[in-house]
Amino acid sequence: MRYRTQSIAYPYFVIALLLFALQVIVGLWLAVQYFVTIPQAFVNIFPFSTARALHTNLLVLWLLLGFMGATYYLVPDETGTDIAWPKLAYAQLVLLVLTGVAAMVGFIFGWTQGKPLLEIPTPLDFLVVIGALMFLANVGITMIRARRWTAIQGSLLGGLVFLAVMYLFGMPFYRNLAEDWYYWWWVIHLWVEGAWELIAAALTAFILIQMTGVDRKVVEKWLYVELGLFLFTGIAGTGHHYYWLGAPKYWLWVGGFFSALEPLPILLMVVDAFRDIRDRATTIHPRLTWIYLIGMVVLHLIGAGLFGFAHTLPQINYYTHGSQVTVSHGHLSFYGAYVLLNLTFFYFAIPRIRGFSNGDYDQKTGKLAFGLATSGMIGMGLAFGAAGILQTYLERILGQPYMIAQQPIRFWMAVVAVHGLMMVAGTILIVKHLLTLKPAVMEPRKKMAEMIPAVE
Amino acid sequence: MSNSTAKLIFWIGTLISLALFLMLTIDTSRRFAALTHADKLDDQVVRGKRAFEKRNCNDCHTILGFGSYFAPDLTRTYVRIGEYAIIRRLQQPEVAFAADFRKMPQQHLAEKEISDIVVYLQWVSNIENHDWPPQDSQTRWKNSTDRLLAAAALSPGAALIQQENCLACHTLGSRGDSKGPRLEWIGTRRNSAWISDYLADPQKLAPGSLMPDYARLAPGQRQMMGEFIVAAGRGR
């Protein structure tokens with residue numbers, strides 16, 4: 001850590017991690033409800049819908065807090081200055097966390113806007129907007145004052161502004177349901193396949209430059225190409241959500257064509273990462289951070305790229321739309337693209353914020369935690385996929401009524417829950433490991449000179 | 001590749017996609033009115049939408065395929081199970097799903113809220129969305145039932161359904177009304193013995209149902225009606 005204000009990131013990371021643990025625990029409860037009959041009296045008080053609102057909103061909240069923390073860590077390094085208003089950054093965190101807590105408690109008591117993923121009621125939406133403005137102003141001013149523009153800063157700031165602007169489209173009440181979903185996707189799709197990809201590309205490029213020591217010019221050149229492809233395929237690719245909502249037929253062509261190309265930028269990102277690793281000027285170190293980085297780019301490609309591609313063509317999507325196939329893709333892509341991105345960044349930044357020499361740390365339980373969470377998530381993704389294919393066949397092709405088709409799916413949801421348990425265990429270990437990170441224990445053969453404890 | 005070529009790729013790619021997307025958005029917003037029958041989108045439909053959102057229905061159900069996947073899709077629910085069945089599920093979910101392995105919460109809806117939601121679901125069922133979802137595809141229902149009716153002109157079950165005027169409330173193929181569930185849908189869920197028992201005393205198997213009883217028919221006649229309905233369900 002070269003700048004004092006980079007430590008603003010730390011409380012953001014801590015809260016993000018705690019919310020992450022809560023999110024997966026609620027997720028496990030969701031899976032259980034698919035195969036166990038919950039008594040009516042309990043359902044009346046705490047229905048599936050409430051738990052689902054908690055699960056998805058906690059996800060969005062912790063990922064965004066992680067991105068914000070990462071931004072506060074990255075910007076000083078990139079601009080060569082401290083964050084302009086550190087106190088504002090802490091105030092922003094307090095505001096957003098209080099808003100988040102109010103929203104979660106509100107859900108439990110039935111205070112909701114009733115739109116999936118965007119359940120936060122309008123009054124709280126305004127607080128979120130204020131928090132976002134505080135954030136953008138702080139980051140923007142820091143960058144503008146420094147006047148040392150880099151492609152990474154541009155991509156990051158562009159992504160953050162894009163993210164904030166799109167949020168506004170989810171706030172109004174739409175009379176027409178078709179129109180409602182049309183603009184709902186401006187938030188959901190243009191976030192995950194637009195704005196968030198810009199942020200992800202910037203954070204990944206930053207970590208690669210810092211850790212491999214490869215030439216910035218090379219990384220930034222390919223960053224432009226990646227971003228160009230992300231936005232070219234991603235913006236018009238929104239059309240793959242417009243097939244069956246009452247929009248004109250040309251969306252089947254536009255959505256099908258552009259989204260078929262969507263895996264390309266992710267593939268390029270993977271190729272770039274492996275090229276940078278091959279051409280590295282430093283050693284692969286610490287190993288766990290690398291495992292995360294490679295796990296992220298590979299699962300990003302599989303979860304978002306391949307699983308997304310599998311049911312994006314209208315001929316297939318006609319049958320799979322709105323089934324557990326979507327759930328499979330959703331889980332693998334969020335984990336691969338954004339959960340692992342955040343965790344990679346945490347593993348990169350936390351040792352540096354804590355002042356460990358060379359960013360090194362004791363990796364022991366970290367590897368086990370990564371293995372548990374990742375294999376749990378892959379198992380869940382595959383079991384959701386099996387459930388989805390079964391559902392598609394029974395319900396959409398054979399024409400069985402929904403609840404009859406759900407009966408055999410209960411088995412696969414139990415498989416999901418078993419893997420969900422692994423995911424929960426892995427997550428709790430990850431959170432514990434990151435929050436109690438210790439400096440690396442030096443191997444005896446290393447020189448005495450390296451053993452000088454890092455103090456900052 | 002030089003740095004400036006890379007920048008050029010970025011700007012060209014982004015702007016082409018953005019321009020296309022915005023143009024199509026303008027065109028789509030112009031055509032939504034016709035495709036969704038916005039002329040029928042009155043204040044009661046909007047009240048229904050608000051009630052639907054207030055109760056967070058969409059975090060268990062999908063509608064137009066979006067939302068959560070824990071409960072049936074509601075896009076064509078109005079034509080699939082009809083008005084009375086929707087009302088019954090909203091009024092007394094604990095009775096309607098007493099035998100099911102998944103429950104729906106009792107939300108104590110007011111009468112007015114229920115009728116608003118029914119009107120809302122009726123409006124949604126008419127959105128022209130390229131005949132999605134496939135399980136409720138109007139063309140599939142119609143074709144399969146037409147084939148069956150053509151082959152079963154002399155079926156005593158079919159004749160009894162005509163005679164008892166079932167289609168005054170239920171839909172079969174492309175005919176009938178949406179007060180009760182579609183007959184083919186019943187046929188995919190139940191067997192003929194169940195239907196026969198139900199015809200004799202609907203209240204016994206579905207308390208609160210608005211279905212009149214047909215106890216005056218002979219058990220054999222009720223059985224034949226049941227067999228016909230099951231065959232219609234299998235015909236798809």
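Chain letters run A, B, ... following the sequence lines, proteins first, then strands; residues in each count from 1.
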Colleague: Quick one: which residue pairs count as a side-chain hydrogen bond (donor to acceptor under 3.5 Å, both in side chains) with a foot in residues 220-233 of chain A, not counting sequence neighbours?
Modeller: A:Arg216-A:Glu220
Colleague: Select one option (side chain, backbone, both, neither) describing which atoms of A:Leu223 are under 4.5 Å from chain B's heavy atoms.
Modeller: neither
Colleague: Starting at CG of A:Leu227, measure out to OG1 of B:Thr14 and round the result to the nearest 0.5 Å.
Modeller: 7.5 Å
Colleague: Between A:Tyr250 and B:Thr28, do the side chains contain a donor N or O and an acceptor N or O under 3.5 Å apart?
Modeller: yes
Colleague: Write down the atom of A:Ala178, the atom of B:Thr36, and the distance for their closest heavy-atom approach.
Modeller: CB-CG2, 3.6 Å
Colleague: When you measure from the side chain of B:Ser17 to the backbone N and O of A:Ala236, does any donor-acceptor pair fall under 3.5 Å?
Modeller: yes
Colleague: Can you check whether B:Asn56 reaches A:Glu119 side chain to side chain, under 4.5 Å on heavy atoms?
Modeller: yes
Colleague: Under a 4.0 Å N-O cut-off, is there an ion pair linking B:Asp136 with A:Arg396?
Modeller: no
Colleague: Which region of B:Tyr120, side chain (C-beta onward) or backbone (N, CA, C, O), has a non-hydrogen atom less than 4.5 Å from a non-hydrogen atom of chain A, or is it both or neither?
Modeller: side chain
Colleague: Kindly compute the distance separating OG1 (A:Thr238) from CZ (B:Phe21), expressed to the nearest 0.5 Å.
Modeller: 4.0 Å
Colleague: Looking at side-chain heavy atoms only, is the closest gap between A:Trp181 and B:Ile63 below 4.5 Å?
Modeller: yes
Colleague: Counting only heavy atoms not in A:Trp149, do more than 12 fall under 6.0 Å of its CH2?
Modeller: yes
Colleague: Heavy-atom pairs under 4.5 Å with chain A: which of B:Ser68, B:Gly67, B:Ala98 has the most?
Modeller: B:Ser68
Colleague: Give a yes or no on whether the backbone of B:Asp59 and the side-chain of A:Ser49 come within a donor-acceptor separation of less than 3.5 Å.
Modeller: no
Colleague: Quiz question: by atom type and distance under 3.5 Å, do the side chains of B:Glu94 and A:Gln40 form a donor-acceptor pair?
Modeller: no
Colleague: Could you tell me whether the side chain of A:Tyr183 reaches within less than 4.5 Å of the side chain of B:Thr25, counting heavy atoms only?
Modeller: yes
Colleague: List the steps and the verdict of side-chain contact (heavy atoms from CB on, under 4.5 Å) for A:Phe258 and B:Leu20.
Modeller: CA-CA 11 Å; A:Phe258 282 88; B:Leu20 176 70; 3.5 Å; yes
Colleague: If I compare all heavy atoms of A:Tyr318 with all of B:Pro133, which pair ends up nearest, and what's the gap?
Modeller: OH-C, 4.4 Å
Colleague: Of the listed residues (A:Gln324, A:Gln33, A:Gln406, A:Lys217), which shares the most heavy-atom pairs with chain B below a 4.5 Å separation?
Modeller: A:Gln406
Colleague: Under 4.5 Å heavy-atom distance to chain B, tell me which part of A:Ser323 shows up: side chain, backbone, both or neither.
Modeller: backbone
Colleague: Taking the side chain as every heavy atom from C-beta outward, state whether A:Val43 and B:Arg102 have any atom pair closer than 4.5 Å.
Modeller: no
Colleague: For A:His321 and B:Phe66, run ring pair (Phe, Tyr, Trp, His ring centres under 6.0 Å): C-alpha distance rounded to whole Å, both residues' side-chain angles, the deciding distance at 0.1 Å, then the answer.
Modeller: CA-CA 8 Å; A:His321 176 55; B:Phe66 305 123; 5.0 Å; yes
Colleague: Taking all non-hydrogen atoms of both residues into account, name the closest pair between B:Met104 and A:Asn44 and its distance.
Modeller: O-OD1, 4.4 Å
Colleague: Taking side chain as C-beta onward, heavy atoms only, is A:Thr37 less than 4.5 Å from B:Lys103?
Modeller: yes
Colleague: Count the heavy-atom pairs under 4.5 Å between each of A:Gly322, A:Ala41, A:Ala247, A:Gly246 and chain B, then report the option with the highest count.
Modeller: A:Gly246
Colleague: Among A:Trp111, A:Tyr174, A:Phe35, A:Trp184, which has the most heavy-atom pairs under 4.5 Å with chain B?
Modeller: A:Tyr174
Colleague: For the pair A:Tyr402 (side chain) and B:Asp73 (backbone), establish whether a donor and an acceptor sit closer than 3.5 Å, ignoring hydrogens and angles.
Modeller: no
Colleague: For B:Met1, is it the side chain, the backbone, both, or neither that has a heavy atom closer than 4.5 Å to a heavy atom of chain A?
Modeller: both
Colleague: What residue in B:Thr62, B:Leu22, B:Asn58 has the most heavy-atom pairs under 4.5 Å with chain A?
Modeller: B:Asn58
Colleague: Is the shortest heavy-atom distance from the side chain of A:Leu177 to the side chain of B:Leu64 under 4.5 Å?
Modeller: yes
Colleague: Give, as side chain, backbone, both or neither, the part of B:Asp42 having an atom under 4.5 angstrom from any heavy atom of chain A.
Modeller: backbone
Colleague: Taking A:Pro248 as the fixed residue, which of B:His130, B:Arg30, B:Arg31 is the one that meets the side chain to side chain contact (heavy atoms under 4.5 Å, CB included) rule?
Modeller: B:Arg31
Colleague: Heavy atoms only, distances under 4.5 angstrom: which of A:Val218, A:Leu245, A:Val225 has the most pairs with chain B? Name it, please.
Modeller: A:Leu245
Colleague: Can you tell me which portion of B:Gln106 sits under 4.5 Å from chain A's heavy atoms? Options are side chain, backbone, both or neither.
Modeller: both
Colleague: For chain A, which candidate among B:Asn3, B:Thr5, B:Asp100 shows the most heavy-atom pairs at distances under 4.5 Å?
Modeller: B:Asn3
Colleague: Which atoms of A:Phe46 come close to chain B, meaning under 4.5 Å heavy atom to heavy atom: side chain ones, backbone ones, both, or neither?
Modeller: neither
Colleague: Checking heavy atoms, do the side chain of B:Trp11, its backbone, both or neither come under 4.5 Å from chain A?
Modeller: neither
Colleague: Looking at B:Lys49 and A:Asp180, what are the two nearest heavy atoms and their distance?
Modeller: NZ-OD2, 2.5 Å
Colleague: Could you state the interatomic distance from CZ (B:Arg189) to CE (A:Met403), rounded to the nearest 0.5 Å?
Modeller: 9.0 Å
Colleague: Quick check: do A:Phe173 and B:Val46 have side-chain heavy atoms less than 4.5 Å from each other?
Modeller: yes
Colleague: Do B:Trp132 and A:Tyr319 have ring centres separated by under 6.0 Å?
Modeller: no
Colleague: Where on A:Tyr182 is there a heavy atom nearer than 4.5 Å to chain B: the side chain, the backbone, both, or neither?
Modeller: side chain
Colleague: Between B:Lys54 and chain A, with a heavy-atom cut-off of 4.5 Å, which part of the residue counts as in contact: side chain, backbone, both or neither?
Modeller: backbone
Colleague: Under a 4.5 Å heavy-atom cutoff, which of B:Arg50, B:Arg80, B:His108 has the most pairs with chain A?
Modeller: B:Arg50
Colleague: Determine whether A:Arg52 and B:Tyr69 make a side-chain contact, defined as any pair of heavy atoms from C-beta on separated by less than 4.5 Å.
Modeller: yes
Colleague: Could you give the distance from CZ (B:Phe10) to CZ (A:Phe230), rounded to the nearest 0.5 Å?
Modeller: 12.0 Å
Colleague: If we define contacts as heavy-atom pairs under 4.5 Å, which of A:Thr112, A:Thr50, A:Leu229 has the most with chain B?
Modeller: A:Thr112
Colleague: With a 4.5 angstrom heavy-atom cut-off, which part of A:Phe42 approaches chain B: side chain, backbone, both or neither?
Modeller: neither
Colleague: Could you tell me which portion of B:Leu24 (side chain, backbone, both or neither) has an atom closer than 4.5 angstrom to a non-hydrogen atom of chain A?
Modeller: both
Colleague: Tell me yes or no: between the side chains of B:Thr75 and A:Trp244, is some donor less than 3.5 Å from an acceptor?
Modeller: no
Colleague: Measure B:Ile127 against the heavy atoms of chain A and call it side chain, backbone, both or neither at under 4.5 Å.
Modeller: side chain
Colleague: Checking B:Ile16 against chain A: side chain, backbone, both or neither under 4.5 Å from a heavy atom?
Modeller: side chain
